[in-house]
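Chain A is the first sequence line, chain B the second, and so forth, proteins listed ahead of strands; every chain is numbered from 1.
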There are 2 protein chains.
Amino acid sequence: MVPGMRNAAETRAMLLDTAIQLIWQSSYHQVGVNEICRQAGVTKGAFYYHFETKADLYYAAAHNHWNEFKDEFDRQFSPSFTPLEQLQNLIDMIVDKQKNDPLADEMEVSGCPIFTAGAQVGAEEAKVIQCSREITGEVNKYHIALVRGLKADDMLNGDPNIVQVARMIHQYIQGLLIYGRVFNSLEIVQTDLKEASYRILDLKQEYRQQSVTSRIA
Amino acid sequence: MVPGMRNAAETRAMLLDTAIQLIWQSSYHQVGVNEICRQAGVTKGAFYYHFETKADLYYAAAHNHWNEFKDEFDRQFSPSFTPLEQLQNLIDMIVDKQKNDPLADEMEVSGCPIFTAGAQVGAEEAKVIQCSREITGEVNKYHIALVRGLKADDMLNGDPNIVQVARMIHQYIQGLLIYGRVFNSLEIVQTDLKEASYRILDLKQEYRQQSVTSRIA
DNA sequence: TCTTGAAAGTACCGATCGGTATGTTTATAT
DNA sequence: ATATAAACATACCGATCGGTACTTTCAAGA
């Protein structure tokens, strides 16, 4: 073992997880280094041993979070699912993440934990913006594959530009989550997400499912 | 005249305009009261004479900005335009606002000056969130009228829920602008806005226009 | 055992945060 | 002319910001 290593990996992991959680629930500027340390049960000495700046921490934390979440993406976008099932998985995944993750008190929707921060900072915080761009690029690969699959199975009307449609899906999801965050309503997210996805994709009518509420009725 | 009034109205107006500008270009938390005062050419004494808190200033500034911008909305959504023209006006208006307004250096897209701040703060800043909600409600009236008009003229496929479609349009626009902000690309905004609007509305094919670039080609 | 360096603790830095206390100017009513 | 209050200026507050300097603890190698 390396000398002096008490449990550096755990400390680092705690800082990464805590940072994402706090910043996600609140905002990049609102949550300070001090509070991240306090919540992580770590002192500032440890913090600045592992990370050079707050922005560096966020960058590492976001990428770490994405890497963990990537497994979920791989499962839900598995080729074992039909494109239609993949679409439904994506929708469910978004809603479930808002439902299940530990949120701030009485906050139903927190948005995307990674992209949100990119929207919260000005151009000064280059590293935060860059982070949003990079991970958006990663996520977009899944969206593109989804749209490509739907088109290949002839489920889409017209002859869409695949990359553009995938991008629009992403744009809409981000807008929707921020809307849900501002209006503190997970219900609207649930209600609008599927319908809007169908519309942006221009999914052929015969492949569209009724919404959950309508199906119950 | 009221005693002591040097030019309170101008001072107040300067603070309102400056606040919107700075916060829009950067972020709610990043721009402090001090800098707002500096840029406005006003001292802190004047600031806190006119406004009780920073949040109060923002609230007033956002509503003031909306009231000024409302005239533009009324023009572009005038009943003298067909619903289709109104839609085109909305699209042009969004792009033009990003183009024409004084932006930060090398920042092509700043997003919606009002809704953006709502995305930038946590639930603590109740007044900022409330502000986003209120003005969103106002803007939504125009979107609803637009969708209603399109439907009345039988330009939309299916039998859409007007309120929902209007809401989805708003959600998409916000997501698009934040996307454009993060990726610093007005071109993507221009490219995607019209196509996505057509899709979300499910505008009948015969009423859709080709995008500007395609029409040139 | 004793050194060594990684990992963490403690105390503190200057700067800035939003906000306040108190003084000063200025136009108006008397 | 003088009192009065609106409108602003100046100086300052405690708290917190991100970050640094210095010290201490602890595990491994020699």
Side-chain angles (χ1 to χ4, degrees), chain A residues 1-20 22-23 26-62 117 120-122 124-129 131, chain B residues 1-20 22-23 26-62 117 120-122 124-129 131:
Chain A
M1 210 185 192
V2 183
M5 175 175 284
R6 283 190 281 233
N7 50 358
E10 275 185 36
T11 301
R12 195 182 150 87
M14 271 303 292
L15 283 170
L16 294 176
D17 290 344
T18 307
I20 279 289
L22 292 182
I23 291 175
S26 174
S27 79
Y28 180 80
H29 288 296
Q30 200 111 334
V31 50
V33 173
N34 289 302
E35 193 178 335
I36 294 176
C37 291
R38 219 174 44 79
Q39 293 267 359
V42 161
T43 63
K44 251 183 170 178
F47 182 102
Y48 281 101
Y49 172 79
H50 287 282
F51 305 98
E52 289 199 350
T53 67
K54 181 188 176 184
D56 285 331
L57 164 72
Y58 175 77
Y59 185 88
Q120 286 170 345
V121 301
E124 316 82 37
E125 310 278 355
K127 201 125 194 206
V128 177
I129 302 280
C131 193
Chain B
M1 210 182 190
V2 183
M5 174 177 285
R6 285 190 279 235
N7 48 0
E10 274 186 36
T11 301
R12 194 184 152 87
M14 273 301 294
L15 283 170
L16 293 177
D17 291 344
T18 307
I20 279 289
L22 292 182
I23 291 175
S26 175
S27 79
Y28 180 80
H29 289 296
Q30 201 113 333
V31 50
V33 173
N34 288 301
E35 193 178 337
I36 294 176
C37 290
R38 219 175 44 80
Q39 293 268 0
V42 161
T43 62
K44 245 176 173 186
F47 181 101
Y48 280 101
Y49 172 78
H50 288 282
F51 304 99
E52 290 199 349
T53 67
K54 180 188 177 184
D56 285 332
L57 164 72
Y58 175 77
Y59 185 88
Q120 287 170 344
V121 302
E124 315 83 38
E125 309 278 354
K127 201 125 193 206
V128 177
I129 302 280
C131 192

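- The CZ atom of B:Phe47 sits 22 Å away from the P atom of D:dC12 (whole-angstrom rounding).
- Counting to the nearest Å, the P atom of D:dT16 and the CD1 atom of A:Ile36 are 16 Å from each other.
- Residue A:His50 places none of its side-chain N or O atoms closer than 4.0 Å to OP1 or OP2 of C:dA6.
- For the pair B:Leu57 CG and C:dG19 P, the computed distance is 10 Å after rounding to whole Å.
- Here the P atom of nucleotide D:dA6 and the CZ atom of B:Arg12 are 15 Å apart, to the nearest Å.
- Evaluation of atom-type donor-acceptor distances gives a pair under 3.5 Å for the side chain of B:Lys44 against the base of C:dG19.
- Place A:Glu52 and B:Gly41 on DNA chain D by their nearest nucleotides, and B:Gly41 ends up nearer the 5' end.
- Distances were taken from every side-chain heavy atom of B:Ala46 (C-beta onward) to each of D:dG19, D:dC8, C:dA8; the shortest belongs to D:dC8.
- Scanning all heavy atoms of the two residues, the minimum distance from A:His50 to A:Arg12 falls at O-NH1, 3.8 Å.
- With rounding to whole Å, A:Glu10 atom CD is found 13 Å from D:dA27 atom P.
- Atom-to-atom, CD of B:Glu35 to P of C:dA15 comes out at 17 Å; the value is rounded to the nearest Å.
- Between A:Tyr28 and A:Tyr58, the ring planes lie perpendicular to each other; the angle is over 60°, past the 30° to 60° tilted range.
- Residue A:Thr11 is the one, among A:Thr11 and B:His29, whose nearest nucleotide of DNA chain C lies closer to the 5' end (criterion: closest heavy atom).
- Across C:dA8, C:dG18, D:dA7, the shortest atom-to-atom separation from the side chain of B:Lys54 is found for C:dG18.
- B:Ser26 contributes no side-chain N or O that, together with a main-chain N or O of B:Leu22, makes up a donor-acceptor pair within less than 3.5 Å.
- Atom CG of B:Leu15 and atom P of D:dA9 are 10 Å apart (whole Å).
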Verdict with reasoning, A:Leu16 to A:Ile20, per side chain to side chain contact (heavy atoms under 4.5 Å, CB included): CA-CA 6 Å; A:Leu16 294 176; A:Ile20 279 289; over 6 Å; no
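- Regarding A:Tyr28, its OH atom lies at a distance of 12 Å from the C1' atom of D:dC17, rounded to whole Å.
- When all heavy atoms of A:Ser27 and B:Gln120 are compared, the pair lying nearest together is CB-O, 3.4 Å.
- Taking side-chain N and O atoms only, A:Tyr48 has a distance below 4.0 Å to OP1 or OP2 of D:dG19.
- Using a 4.0 Å heavy-atom criterion, one finds that A:Gly45 contacts the bases of the nucleic acid, with or without backbone contacts as well.
- The side chain of A:Asn34 places an N or O atom within less than 4.0 Å of a non-bridging phosphate oxygen (OP1 or OP2) of D:dC17.
- The shortest distance between the side-chain N/O atoms of B:Tyr49 and the OP1/OP2 oxygens of D:dA7 is below 4.0 Å.
- Between C:dA6 and A:Asn7, no contact under 4.0 Å exists linking OP1 or OP2 to a side-chain N or O.
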